[in-house]
Amino acid sequence: MQPGATLIFLDTSVIYPRTLRDWFCLLSLNSGIEGIDLRWSEDVLAEFIYNRRRQEPGASDAQIGQWRQRLTDSFPNAIVSNYSIDPMFLAGEDKFDAHVLAAAIHGRVDYLVTSNISDFEGFADSVEFEILTPDDMLCLIEQRRPDAVSTATKKQCNYWSKREGSKTLHDALVDSGAPNFAQGIRKRLSQWALSGRY
């Protein structure tokens, strides 16, 4: 990560799972002015809402819409708009991911984070940003922005400790496909416990 804000475009596969969404949002909100700025598009949010509706067909409009509203309220500058799609992107593994590449390019981001790496690998050499899995991105943030990770970890602990039957932070991250970052969080919590810092 270079000096200044780091722009990270999140694919729907990262925004949809609550665990990943919460971690990236908390890390961004606690990384300072020149920290981590999240980006997404209306297309990504539309996919997010579509998948929420499929998971909860009986939910009200307000229940489904609240998730999108929270994102837009917390990150008013995250939307990348006015992009066009290069026809070459339609030849990728999944033509329905072409909009993600187009938005990430238009948004001049540093990283595109997706759980569907194979859909984007063919374009890795033709774009100026890195394409990473959520686990790899979270581990990189842990290396470069440890203070933000510490703050986010404490907030996650405070929130989930009040909810009976919730998974541990480690288990939730593993289940969301971020096992290496999960190991780092477990190590951090163990060190805090030994030192009496938390």
Side-chain angles (χ1 to χ4, degrees), residues 8-30 36-81 83 85 89-90 92-104 107 109 111-121 131-139 141 152-153 155-182 185:
I8 301 176
F9 192 96
L10 302 182
D11 188 15
T12 309
S13 61
V14 184
I15 292 178
Y16 182 73
R18 179 174 182 176
T19 297
L20 295 178
R21 181 175 69 248
D22 284 356
W23 274 101
F24 276 101
C25 288
L26 280 172
L27 289 167
S28 177
L29 291 171
N30 291 282
I36 298 162
D37 279 349
L38 301 181
R39 295 289 184 269
W40 44 71
S41 65
E42 287 290 356
D43 280 324
V44 164
L45 292 181
E47 284 187 14
F48 169 59
I49 294 301
Y50 171 77
N51 283 294
R52 293 290 312 176
R53 173 57 69 194
R54 286 181 64 84
Q55 185 183 32
E56 301 179 52
S60 69
D61 172 63
Q63 289 172 309
I64 296 296
Q66 69 174 325
W67 300 105
R68 184 189 189 286
Q69 195 62 50
R70 287 177 185 173
L71 287 172
T72 54
D73 286 349
S74 298
F75 301 93
N77 300 315
I79 292 285
V80 176
S81 57
Y83 52 87
I85 297 175
F89 296 150
L90 297 173
E93 289 291 318
D94 184 350
K95 65 182 179 181
F96 296 108
D97 282 331
H99 68 88
V100 176
L101 281 167
V109 301
Y111 299 92
L112 164 60
V113 182
T114 177
S115 296
N116 304 317
I117 284 287
S118 61
D119 291 347
F120 298 94
E121 282 179 330
I131 303 172
L132 299 180
T133 66
D135 196 22
D136 287 342
M137 187 75 249
L138 289 168
C139 287
I141 294 171
T153 302
K155 290 188 175 185
Q156 290 277 44
C157 286
N158 289 336
Y159 180 86
W160 290 109
S161 66
K162 300 171 186 174
R163 282 152 179 79
E164 291 185 18
S166 61
K167 296 179 183 178
T168 65
L169 297 186
H170 175 272
D171 289 346
L173 283 164
V174 169
D175 290 347
S176 295
N180 295 314
F181 183 67
I185 294 302

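Note that the coordinates shown come from a computational prediction; the quantities given were computed from them, not determined experimentally.
In this structure, Ala178 and Leu20 approach most closely via the heavy-atom pair CB-CD2, 4.4 Å. Counting all heavy atoms, side chain and backbone alike, Asp37 lies closest to Arg39 at CB-NH1, 3.6 Å. Nearest approach of Ser41 to Val80, heavy atoms of both residues: CB-O, 3.7 Å. Pairing each heavy atom of Tyr83 with each of His99, the nearest pair is CE1-O, 3.8 Å.
With Phe24 as the aromatic partner, Arg21 does not meet the cation-pi criteria of under 6.0 angstrom to the ring centre and within 45 degrees of the ring axis.
Interatomic distance, OG1 of Thr19 versus CG of Leu169, reported as 9.0 Å (0.5 Å rounding). Note: Thr133 OG1 to Ile117 CD1 = 6.0 Å, rounded to the nearest 0.5 Å. Between atom CD1 of residue Ile64 and atom CG of residue Asp61 there is a gap of 8.5 Å, rounded to the nearest 0.5 Å. Considering CG of Asp43 and CD1 of Ile85, their distance stands at 6.5 Å, rounded to 0.5 Å. The distance from atom NZ of Lys167 to atom CG of Leu173, rounded to the nearest 0.5 Å, is 10.0 Å. Interatomic distance, CD1 of Ile79 versus CG of Leu71, reported as 9.0 Å (0.5 Å rounding).
The existence of a salt bridge linking Arg52 and Glu47 is excluded, since no basic side-chain nitrogen approaches an acidic carboxylate oxygen closer than 4.0 Å.
Residues Leu112 and Leu101 meet the side-chain proximity criterion, which asks for heavy atoms closer than 4.5 Å. Residues Ile8 and Val109 form no side-chain contact, since every pair of their non-hydrogen atoms from C-beta on lies 4.5 Å or further apart. Contact of the Pro134 side chain with the Trp23 side chain is not registered, since no non-hydrogen atoms from C-beta on lie closer than 4.5 Å. The shortest side-chain heavy-atom distance between Phe120 and Asp11 falls under the 4.5 Å cut-off.
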Might you work through the side-chain contact (heavy atoms from CB on, under 4.5 Å) test for Tyr159 and Asp22, ending with a clear yes or no?
CA-CA 11 Å; Tyr159 180 86; Asp22 284 356; 5.9 Å; no

Verify side-chain contact (heavy atoms from CB on, under 4.5 Å) between Leu38 and Leu27, making sure each step is shown before the conclusion.
CA-CA 10 Å; Leu38 301 181; Leu27 289 167; over 6 Å; no

CA sep, side-chain torsions, deciding dist, call: Val44, Leu10, side-chain contact (heavy atoms from CB on, under 4.5 Å)
CA-CA 8 Å; Val44 164; Leu10 302 182; over 6 Å; no

Does the side-chain contact (heavy atoms from CB on, under 4.5 Å) test come out yes or no for Gln69 and Thr72, once each step is laid out?
CA-CA 5 Å; Gln69 195 62 50; Thr72 54; 3.7 Å; yes

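With hydrogens and angles ignored, the 3.5 Å screen pairs a side-chain donor or acceptor of Ser166 with a backbone N or O of Trp160. No donor-acceptor pair closer than 3.5 Å links the side chain of Asn180 to the backbone N or O of Asp135. At distances below 3.5 Å, at least one donor-acceptor pair connects side-chain atoms of Ser60 with backbone N or O atoms of Gln63. In this structure, the side chain of Asn51 does not engage the main chain of Tyr16 through any donor-acceptor pair within 3.5 Å. Panel note: side chain Ser28, backbone Cys25; no donor-acceptor pair is recorded below 3.5 Å. Looking at Asn30, its side chain does come within 3.5 Å of a backbone N or O of Leu26 through a donor-acceptor pair. In this structure, Thr114 contributes its side chain and Asn116 its backbone to a donor-acceptor pair below 3.5 Å.
Enclosure of atom CZ in Arg54 is not indicated, since only 12 or fewer non-hydrogen atoms of other residues, nucleotides or ligands lie within 6.0 angstrom.
Remark: aromatic rings of Phe48 and Trp40 are distant, center separation not under 6.0 Å.
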